[in-house]
Peer 1: 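Provided herewith is a single structure, encoded as structure tokens, for subsequent inquiry.
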Amino acid sequence: QGDVVYVVDDNPFTDSTEWWLAQTLSGKLGFIPKVYLHRALNVFHSEIYDVFLTYRVASQAKHAEMLYLNVRDAAPAMPVIQRPVRVFLDKRKLSVGSSWCDQFSSALHQSVGYVPLMSLDGVIETLAKL
């Protein structure tokens, strides 16, 4: 009770959605009844991501898309459950008609890792504007 957990898989069994596979911060894996997670899940209403990609649209959009596809389609990062890496890329994940800021913030908070893409051209262009 009160432990911080990371939901590894929200449906580890094909016939059950009541038990979720979770991992503690210390690395212990175990199954948790969905009802125990209800309050936390209702707060965010969003998917949990392994990687959050952030980039400068003007100079990195093409590279961000390529990285997204390569990471998403790579061999499973979590062999215990055999699932692909969950990657957030705004172009692929933001919903039309919903608050861009709220979706972005929620996805960032629900991500395990953060990968900023930078290039020399992008840094120079930003510094020139200062």
Side-chain angles (χ1 to χ4, degrees):
Q1 184 177 5
D3 286 343
V4 174
V5 296
Y6 168 68
V7 175
V8 177
D9 192 356
D10 61 0
N11 192 4
F13 305 112
T14 56
D15 59 346
S16 174
T17 58
E18 297 305 311
W19 289 86
W20 292 24
L21 182 60
Q23 184 173 12
T24 65
L25 294 176
S26 64
K28 290 182 185 177
L29 281 174
F31 293 98
I32 297 176
K34 179 181 177 181
V35 294
Y36 286 9
L37 301 170
H38 182 71
R39 186 173 9 158
L41 294 173
N42 282 338
V43 170
F44 296 106
H45 295 290
S46 65
E47 185 176 349
I48 293 176
Y49 298 100
D50 299 303
V51 178
F52 182 100
L53 295 178
T54 184
Y55 62 100
R56 189 152 195 258
V57 175
S59 56
Q60 269 82 42
K62 182 178 172 182
H63 295 97
E65 179 73 16
M66 288 176 11
L67 183 58
Y68 169 84
L69 293 171
N70 283 309
V71 172
R72 184 199 67 185
D73 298 339
M78 302 205 176
V80 172
I81 59 165
Q82 295 295 308
R83 72 163 172 77
V85 176
R86 294 177 182 144
V87 183
F88 177 86
L89 179 65
D90 59 350
K91 179 180 171 184
R92 297 287 189 131
K93 298 291 183 173
L94 294 179
S95 302
V96 175
S98 297
S99 167
W100 175 88
C101 186
D102 289 347
Q103 290 180 74
F104 222 89
S105 296
S106 180
L108 182 57
H109 284 94
Q110 292 293 102
S111 296
V112 176
Y114 177 80
V115 178
L117 300 181
M118 300 186 322
S119 71
L120 182 58
D121 290 342
V123 171
I124 290 171
E125 184 179 324
T126 301
L127 291 175
K129 291 179 181 180
L130 295 178

Peer 1: Considering only Ile, Leu, Val, Met, Phe, Trp and Tyr, and joining two whenever side-chain heavy atoms are under 4.5 Å apart, list the other residues clustered with M118.
Peer 2: none

Peer 1: Taking salt bridge (charged side-chain N to carboxylate O under 4.0 Å, His left out) as the definition, give me every residue that meets it alongside K62, ordered by chain and number, with sequence neighbours left out.
Peer 2: none

Peer 1: Under the side-chain hydrogen bond (donor to acceptor under 3.5 Å, both in side chains) test, which residues partner S119, sequence neighbours left out?
Peer 2: Q60

Peer 1: Is the closest side-chain heavy-atom distance between Y114 and F88 below 4.5 Å?
Peer 2: no

Peer 1: Side chains of V57 and Y55: does their closest heavy-atom pair fall under 4.5 Å?
Peer 2: yes

Peer 1: Count I, L, V, M, F, W, Y as connected when their side-chain heavy atoms are under 4.5 Å apart, and connections chain through other members. Are V71 and L69 then in the same cluster?
Peer 2: yes

Peer 1: Side-chain heavy atoms under 4.5 angstrom apart, residues restricted to Ile, Leu, Val, Met, Phe, Trp, Tyr: same cluster for F52 and L94?
Peer 2: yes

Peer 1: Can you tell me which residue pairs pass the salt bridge (charged side-chain N to carboxylate O under 4.0 Å, His left out) test with a partner in residues 114-126, sequence neighbours excluded?
Peer 2: R56-E125, E125-K129

Peer 1: Test of understanding: with side chain to side chain contact (heavy atoms under 4.5 Å, CB included), list the residues that count as partners of I124, not counting sequence neighbours.
Peer 2: L120

Peer 1: Under the salt bridge (charged side-chain N to carboxylate O under 4.0 Å, His left out) test, which residues partner R92, sequence neighbours left out?
Peer 2: E65

Peer 1: Are side-chain heavy atoms of K93 and Y49 found at a separation under 4.5 Å?
Peer 2: yes

Peer 1: Please find the pair of heavy atoms, one from A64 and one from L53, that lie closest to each other, and give the distance.
Peer 2: O-CD1, 3.9 Å

Peer 1: Let me check something: do V96 and W100 share a hydrophobic cluster, defined by ILVMFWY side-chain heavy atoms less than 4.5 Å apart, either directly or through other members?
Peer 2: no

